[in-house]
Amino acid sequence: VQLQASGGGLVQAGGSLRVSCVASGLTFRSYTMGWFRQAPGKEREFVAAIDGRASIIAYAASAKGRFTISRDNARNTVDLQMKSLKPEDTAVYYCAADMGALDYSKRQYDYWGQGTQVTVSS
């Protein structure tokens with residue numbers, strides 16, 4: 001199984017950015033896909049998740065109203081569209097796959113991508 005994240009970069013506060021993840025080696029539609037992030041010196045935290053059929057979506061409080069998660073099961077991709085970015089959104093963003101039901105806990109996710117850096121300047 002491989003999860004390849006891309007799309008990170010440097011953006012000014014208030015700007016927008018989309019990060020994407022393409023998955024291979026798994027039956028993509030069977031997996032809940034999640035986005036997590038980890039800032040320097042902090043724990044990896046949940047950002048958003050979407051179940052296999054895109055019928056259940058969840059966001060962290062910090063992401064609600066600003067971030068949108070979506071998936072394309074035909075292309076094995078999951079995207080996180082981020083807008084109104086703040087400096088505190090600066091982190092490495094990871095996509096992850098979970099065989100079970102949608103979950104907020106990173107411990108439940110089976111596979112992880114390598115991460116993509118998002119930096120928001122003030």
Side-chain angles (χ1 to χ4, degrees):
V1 175
Q2 283 195 324
L3 303 178
Q4 183 71 38
S6 63
L10 174 64
V11 63
Q12 287 190 330
S16 299
L17 202 62
R18 176 188 292 260
V19 290
S20 298
C21 176
V22 59
S24 60
L26 75 171
T27 305
F28 186 71
R29 64 182 180 276
S30 298
Y31 283 77
T32 287
M33 297 301 296
W35 283 99
F36 290 76
R37 67 186 183 186
Q38 188 166 18
K42 294 191 175 182
E43 293 274 330
R44 191 171 298 188
E45 64 177 10
F46 172 81
V47 177
I50 184 168
D51 80 330
R53 288 190 244 179
S55 57
I56 303 173
I57 292 174
Y59 295 98
S62 59
K64 203 169 291 186
R66 299 187 301 126
F67 294 4
T68 302
I69 188 171
S70 61
R71 66 187 295 157
D72 184 338
N73 285 349
R75 295 170 57 232
N76 284 14
T77 59
V78 57
D79 292 346
L80 185 69
Q81 176 69 49
M82 303 179 286
K83 64 180 183 180
S84 303
L85 283 161
K86 307 173 183 179
E88 50 264 44
D89 294 318
T90 295
V92 177
Y93 282 70
Y94 297 90
C95 62
D98 174 9
M99 182 64 180
L102 191 145
D103 203 287
Y104 297 79
S105 171
K106 58 183 180 288
R107 296 175 188 82
Q108 299 302 317
Y109 284 76
D110 304 295
Y111 304 105
W112 291 84
Q114 86 290 359
T116 185
Q117 177 71 47
V118 171
T119 303
V120 184
S121 63
S122 56

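You'll find the side chain of Leu3 reaches within 4.5 Å of the side chain of Met33, heavy atoms only.
Separating the CG atom in Leu17 from the OG1 atom in Thr116 is a distance of 8.0 Å, to the nearest 0.5 Å. The OG1 atom of Thr27 sits 7.5 Å away from the CE atom of Met99 when rounded to the nearest 0.5 Å. Here OG1 of Thr32 is found 5.0 Å from CG of Leu102. Values are rounded to the nearest 0.5 Å. A distance of 5.5 Å separates OG in Ser70 from CZ in Arg18, rounded to the nearest 0.5 Å.
Judged by distance alone, the side chain of Asn76 and the main-chain N or O of Phe28 form no donor-acceptor pair under 3.5 Å. Under the 3.5 Å distance criterion, the side-chain polar atoms of Arg29 are left unmatched by any main-chain donor or acceptor of Asn73. With Ser122 contributing its side chain and Ala13 its backbone, the two residues share no donor-acceptor pair below 3.5 Å. A side-chain donor-acceptor contact under 3.5 Å links Tyr59 to the backbone of Ile69. Between the Tyr109 side chain and the Asp103 main chain, a donor and an acceptor come within less than 3.5 Å of each other. Using a distance-only test at 3.5 Å, with no hydrogens or angles considered, no donor-acceptor pair links the side chain of Ser20 to the main chain of Asp79.
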Please assess Asp98 against Asp110 for the test side-chain contact (heavy atoms from CB on, under 4.5 Å), listing each intermediate value before the final yes or no.
-> CA-CA 5 Å; Asp98 174 9; Asp110 304 295; 3.8 Å; yes
I would like to know whether Phe67 and Trp35 meet side-chain contact (heavy atoms from CB on, under 4.5 Å); could you show each step before the answer?
-> CA-CA 11 Å; Phe67 294 4; Trp35 283 99; over 6 Å; no
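None of Tyr94, Tyr104, Trp112, Tyr93 except one satisfies the ring-ring contact (aromatic ring centres under 6.0 Å, His included) rule with Phe36; the exception is Trp112. When each of Thr90, Asp89, Val19 is checked for a side-chain contact (heavy atoms from CB on, under 4.5 Å) with Val118, only Val19 meets the rule.
Summarising the geometry of Ala97 relative to Leu26, their closest heavy-atom pair is CB-CD1, 4.0 Å, with the distance given to 0.1 Å. Of all the heavy atoms in Gly65 and Lys83, the pair that sits closest is O-CE, 3.7 Å. When all heavy atoms are compared, the tightest approach of Gly52 to Arg71 is CA-NH1, 3.4 Å.
In the hydrophobic clustering of this structure, Phe46 does not group with Tyr111; members are Ile, Leu, Val, Met, Phe, Trp, Tyr whose side-chain heavy atoms approach within less than 4.5 Å, directly or through other members.
Sorted by first and then second residue, the salt bridge (Lys or Arg N to Asp or Glu O under 4.0 Å) pairs involving residues 45-60 (not counting sequence neighbours) are Arg37-Glu45.
Side chains of Ser6 and Gln4: a donor-acceptor N/O pair is absent below 3.5 angstrom, by distance only.
In Gln2, the CD atom is not crowded: 12 or fewer heavy atoms of neighbouring residues, nucleotides or ligands sit closer than 6.0 Å.
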